[in-house]
2 protein chains.
Amino acid sequence: MDEGGTGSAEGPPGRGHRRIPEATVARLPLYLRCLLEVAESKTVTISSERLAEMAGVNAAKVRKDLSYLGSYGTRGVGYDVEYLLFQISRELGLTQDWPVVIVGIGNLGHALANYRGFGARGFRVVALVDADGSKVGEQIGELRVRHLEDLPAIAAEESVAIGVIATPAGAAQDVADRLVHAGVSSILNFAPALITVPEGVSLRKVDLSIELQILSFYQQRRAGVVAS
Amino acid sequence: MDEGGTGSAEGPPGRGHRRIPEATVARLPLYLRCLLEVAESKTVTISSERLAEMAGVNAAKVRKDLSYLGSYGTRGVGYDVEYLLFQISRELGLTQDWPVVIVGIGNLGHALANYRGFGARGFRVVALVDADGSKVGEQIGELRVRHLEDLPAIAAEESVAIGVIATPAGAAQDVADRLVHAGVSSILNFAPALITVPEGVSLRKVDLSIELQILSFYQQRRAGVVAS
DNA sequence: GCATGTGAATAGATTCACAGCG
DNA sequence: CGCTGTGAATCTATTCACATGC
């Protein structure tokens with residue numbers, strides 16, 4: 001899918017060594033999370049079956065997904081947890097860290113700015129930006145909110161790779177355009193608006209109201225089935 | 001995908017009149033949003049081509065998606081905007097309103113509690129809940145935060161249909177269990193944790209770090225291609 | 001023996017292309 | 001004629017089932 005999830009638009013295929021299916025890419029972070037948990041308990045190896053159980057997927061899927069990365073397992077034994085962790089991290093580009101800018105410092109922007117878990121794994125919020133002059137200068141954690149107009153300078157100084165849009169819907173496309181123009185080539189959009197970006201820019205979206213509406217669909221189905 | 005979430009786990013198929021593919025269900029909210037925008041400009045009909053362009057998908061996909069709902073278009077003309085709006089709303093269960101409870105009133109919970117857009121379309125936040133006694137009683141908008149222990153009573157009183165989990169990862173599974181136990185059968189999980197629910201409960205997730213990691217993958221690919 | 005890795009089979013989603021109808 | 005609705009073709013993803021190799 002999503003796609004998903006959530007589903008969402010994708011960047012171009014790129015051309016690394018192997019061609020990894022989109023659906024697999026979307027599951028790698030899931031495996032990563034499970035492996036981190038397993039690693040804490042000093043477990044040395046893990047079978048596809050166990051990993052599948054933890055991730056809530058089918059064991060064959062785990063094996064096929066991992067096989068796209070290479071033959072990192074040992075037949076009759078399983079996968080070395082630490083080694084697999086490293087390989088997945090590397091594949092996901094988490095061995096380097098990516099400077100992130102958050103645009104739109106309202107309720108959600110605040111929450112994102114304070115979110116621990118950026119730093120943990122390869123992402124570092126280097127700037128907070130808002131179009132509203134009255135918010136500029138506000139201190140949040142270690143950062144001070146800067147003006148949207150400064151985006152090109154900020155992006156260049158900090159080599160921003162990823163932009164997070166947390167503005168109202170109406171501003172989202174403009175902000176996306178500015179991000180792209182400033183050289184940011186990965187965008188995560190939280191605004192409830194459809195935005196478009198040029199080829200070569202990755203765009204993913206997180207949309208609360210869409211998720212709720214999908215839940216509503218299935219909720220209604222169940223209610224309907226019960227009633228009939 | 002997903003899924004999608006952006007990709008995410010689904011509820012059971014249910015058995016309404018028609019069997020609507022999951023991928024289609026995930027796009028209906030998108031069409032709905034586009035149609036709402038079009039409706040404001042007093043446009044009476046819309047072609048699949050135009051709608052596709054707005055939604056950023058292929059026209060054939062729009063037609064096929066809409067055909068699962070019924071034959072609501074007119075050949076040679078297009079779709080009546082108002083009529084289609086109504087049909088999609090009905091299909092998504094948005095003609096009734098769904099009481100929502102938000103569990104976990106930290107940064108994110110606050111942001112969600114203040115989010116306008118719940119009320120707009122069929123969702124109504126009826127309760128805010130937290131396990132931390134020091135947060136109980138805090139006033140947010142029109143609601144006062146209540147204790148997690150009161151969840152069963154709240155769910156029953158308010159006929160809560162949808163639970164939103166905005167707790168830290170460690171608490172997510174416990175909260176999910178409590179929600180299910182209290183009779184909530186749709187859950188939207190924002191916590192960066194894998195949770196499981198029984199058959200008959202829909203679960204979707206919104207996971208910032210997964211989305212960032214997916215972006216990181218494609219970002220790295222592009223960087224790699226440029227470098228080589 | 002046992003769990004991986006992978007071709008083959010199946011299922012699901014997208015796109016094509018055109019018949020059908022207003 | 002124009003645009004919908006939809007079978008057929010294609011592409012993508014999932015699952016099966018077993019040969020392979022530690």
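Lettering of chains follows the sequences in order, A, B, ..., and the numbering in each one begins at 1. All values below were derived from every heavy atom in this structure, side-chain atoms included, with hydrogens, water molecules and symmetry-related copies excluded.
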Answer with yes or no whether the side chains of [Y] and [X] bring together a donor and an acceptor at under 3.5 Å.
X: B:Asp80; Y: B:Thr45; value: no
X: B:Ser186; Y: B:Arg204; value: no
X: B:Tyr115; Y: A:Asn107; value: no
X: B:Arg90; Y: B:Thr95; value: no
X: B:Asp207; Y: B:Ser209; value: yes

Closest approach of [X] and [Y], non-hydrogen atoms and distance?
X: A:Leu30; Y: B:Leu194; result: CD1-CD2, 3.8 Å
X: B:Ala176; Y: B:Ile195; result: CB-CD1, 3.7 Å
X: B:Asn189; Y: B:Ala172; result: OD1-CB, 4.3 Å

TODO: For DNA chain C, determine which residues of residues 50-63 of chain B have any heavy atom closer than 4.0 angstrom to one of its atoms, and list them numerically.
DONE: B:Asn58, B:Ala60, B:Lys61, B:Arg63

- [ ] List in numerical order all residues of residues 33-47 of chain B for which some heavy atom is under 4.0 Å away from an atom belonging to DNA chain C.
- [x] none

- [ ] For the pair A:Arg178 and A:Asp174, find out whether any cationic side-chain nitrogen is under 4.0 Å from an anionic carboxylate oxygen.
- [x] yes

Open item on the list: Salt bridge check, B:Glu91 against A:Arg221: does any charged N sit closer than 4.0 Å to a carboxylate O?
Closed with: yes

Open item on the list: Using a 4.0 Å heavy-atom cut-off, does B:Tyr72 contact any base of the nucleic acid, only the sugar-phosphate backbone, or nothing at all?
Closed with: sugar-phosphate

Scan nucleotides 19-22 of chain C against the protein and return all N/O pairs shorter than 3.5 Å with their distances rounded to 0.1 Å.
residue : atom : partner : partner atom : Å
C:dG20  : N3   : B:Arg75 : NH1          : 3.1

Set out, line by line, the N/O atom pairs under 3.5 Å between protein and nucleotides 7-11 of chain C.
none

Task: Paired and unpaired positions of DNA chain C as dot-bracket, Watson-Crick or G-U wobble under 3.5 Å, | denoting a partner strand - done: ||||||||||||||||||||||

Starting at atom [atom1] of [X], determine the distance to atom [atom2] of [N], rounded to an integer number of angstrom.
X: B:Leu69; N: D:dG5; atom1: CG; atom2: P; result: 10 Å
X: B:Glu22; N: C:dT14; atom1: CD; atom2: C1'; result: 15 Å
X: A:Leu84; N: C:dG5; atom1: CG; atom2: C1'; result: 14 Å
X: A:Glu49; N: C:dC2; atom1: CD; atom2: P; result: 13 Å
X: A:Asp65; N: C:dA3; atom1: CG; atom2: P; result: 20 Å
X: B:Gln87; N: D:dG5; atom1: CD; atom2: P; result: 12 Å

Task: Side-chain N or O of A:Ser48 closer than 4.0 Å to phosphate OP1/OP2 of C:dA3 - done: no

Task: Phosphate OP1/OP2 of C:dA13 contacted by B:Tyr68 side-chain N/O (<4.0 Å) - done: no

- [ ] Apply side chain to side chain contact (heavy atoms under 4.5 Å, CB included) to the pair A:Glu211 and B:Lys205, showing each step before the final yes or no.
- [x] CA-CA 8 Å; A:Glu211 296 302 324; B:Lys205 67 165 188 288; over 6 Å; no

Reported [atom1]-to-[atom2] distance for the pair [X] and [Y], which is rounded to 0.5 angstrom:
X: B:Ile162; Y: A:Gln219; atom1: CD1; atom2: CD; result: 6.0 Å
X: A:Ser216; Y: B:Leu28; atom1: OG; atom2: CG; result: 11.0 Å
X: A:Leu108; Y: B:Leu108; atom1: CG; atom2: CG; result: 7.5 Å
X: B:Gln87; Y: B:Leu85; atom1: CD; atom2: CG; result: 10.5 Å

List the atom pairs, donor and acceptor, that lie under 3.5 Å between side-chain atoms in residues 34-42 of chain B and the rest of the protein, sequence neighbours left out.
residue : atom : partner : partner atom : Å
B:Ser41 : OG   : B:Val38 : O            : 2.8
B:Ser41 : OG   : B:Thr43 : OG1          : 3.0

